[in-house]
Amino acid sequence: MIDKLKELIAEAEAFSAQSKDEIEAFRIKYLGSKGLTRKYFSEISKIAAENRKEFGQIVNKLKVTAEDKVNSLKEAIESQEEDKGIYGDLSRPGEPIALGARHPISIVKNQIIDIFSRIGFNVSEGPEIEDDWHNFTALNLPEYHPARDMQDTFFIQTDPDILLRTHTSSVQVRYMENNKPPIRTISPGRVYRNEAISARSHCFFHQVEGLYIDKDVSFADLKQTLQYFTTEMFGKSKIRLRPSYFPFTEPSAEVDVYWGLETETDYKITKGTGWLEIMGCGMVDPNVLENCGIDSKEYSGFAFGMGIDRIAMLLNQISDIRLLSENDVRFLEQFKSVL
Ligand code: PHE
């Protein structure tokens, strides 16, 4: 029996536990009311008198060993829990910090702003809900002018004078009304047109329009500025100006960039011509200058306007304009690497 007891003591000494449950099971086995220590204590009376003392001491040692074990294991587990309470589990992997991405529209808009700011243009902004004067009349588009049909306008029903701006030229009117030449400003912003929504067009999109007004501004200045822009923006300096019509500019032109015909995509986006239309432009009509309080005999200027969405689609090979306003993170996350 003594050998058995020594074995149990060795076992108790070697015991280790990971949880409170394991410690409790150990305590019940050794120290419980039906446990081993009790059992051997109750054997003492049956032991021959000459061996009784030694036996008693060994049983006691079993008890003390088991008690010490239970105490030290409990202490160890409790101090572990305390650490967790303060710091959490220090061995857990860190939580990744989710990084957002700029919207492709913002990326292109910022690029355009950056390019024009390098040649002295500032940024001006205005309201998306406009009045007739700033969106149309001041821009040489009086009531009943047929060219108003070019821009399918959303009117605010209760007031035919109030509408959602159809272009950011309205901001240029506001800028001319409030600033004296020389003026060099670009106006980025969202615009609205009542068009059927499809992969190619939406009822709202984004523009950047530019305005330059000073003494002796000529068409050559316009062309140089556009050439600088296309070189910086697309790395392409070959452009052509096709005669066009806008009520607020005279003469007016559409600007095409020579994109080239090197890849299949080039064929697709230029419809096999190599040329890509990117914006409208022209010399500001003297009437517009006068409407905005600028002396058209002293000053002249040019203006241009382009759609940001189309350029963003072009540069990122986005085939459907609706993707730009769906807020689908699977789409937006693809722009993470761009600033
Ligand atoms: N406002 C025109 C448009 O929205 C673009 C434009 C701006 C054309 C300035 C010429 C000059 O289509």
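Both counts, for ligands and for their atoms, begin at 1 and track the order of listing. The model shown is predicted, which means the values in this text are computed figures rather than measured ones. Each residue takes its place number in the sequence, starting with 1.
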Student: Share the residues that join V64 in a hydrophobic cluster, the rule being Ile, Leu, Val, Met, Phe, Trp or Tyr side chains under 4.5 Å apart at the heavy-atom level.
Tutor: none
Student: What about H167 and F205, are their ring centers closer than 6.0 Å?
Tutor: no
Student: Would the F302 and F219 ring centres measure less than 6.0 Å apart?
Tutor: no
Student: Below the 3.5 angstrom mark, is there an N/O of S169, backbone or side chain, next to an N/O of ligand 1?
Tutor: yes
Student: Taking E333 first and then K336, would you say they form a salt bridge - that is, a charged N and a carboxylate O separated by under 4.0 Å?
Tutor: yes
Student: Any chance you could lay out the salt bridge (Lys or Arg N to Asp or Glu O under 4.0 Å) test for E254 and R240, step after step, and finish with the verdict?
Tutor: CA-CA 8 Å; E254 298 290 349; R240 74 178 180 196; over 6 Å; no
Student: I want to confirm something. Looking only at heavy atoms, which of M279, R193, E254 is nearest to atom 12 (O) of ligand 1?
Tutor: R193
Student: Check for me whether Q207 has a heavy atom closer than 4.0 Å to any atom of ligand 1.
Tutor: yes
Student: For G280, counting its heavy atoms only, list the atoms of ligand 1 lying under 4.0 Å from any of them.
Tutor: 8 (C), 10 (C)
Student: Does a donor on one side chain and an acceptor on the other come within less than 3.5 Å for N135 and T166?
Tutor: yes
Student: Apart from I156 itself, which Ile, Leu, Val, Met, Phe, Trp or Tyr residues share its cluster (side-chain heavy atoms under 4.5 Å, direct or through members)?
Tutor: I129, F154, I162, L164, Y192, F204
Student: Within a distance under 4.0 Å of any heavy atom of F246, pick out the atoms of ligand 1 and give their elements.
Tutor: 8 (C), 10 (C)
Student: How far is atom 1 (N) of ligand 1 from its nearest protein heavy atom, and which residue and atom is that?
Tutor: E209 OE2, 2.8 Å
Student: Please classify the C281 to ligand 1 contact at 4.0 Å (heavy-atom distances, strictly less than): side chain, backbone, both or neither.
Tutor: backbone
Student: For ligand 1, which atoms have a heavy atom of F304 less than 4.0 angstrom away?
Tutor: 7 (C), 9 (C), 11 (C)
Student: One thing to verify: whether E11 and K29 come together as a salt bridge, which I'm taking to mean a side-chain N less than 4.0 angstrom from a carboxylate O.
Tutor: yes
Student: Non-hydrogen atoms of F248 versus ligand 1: any pair closer than 4.0 Å?
Tutor: yes
Student: Ignoring angles and geometry beyond distance, decide whether T249 reaches within less than 3.5 Å of ligand 1 through its nitrogen or oxygen atoms.
Tutor: no
Student: Near A303, which atoms of ligand 1 are under 4.0 Å from a heavy atom of that residue?
Tutor: 9 (C), 11 (C)
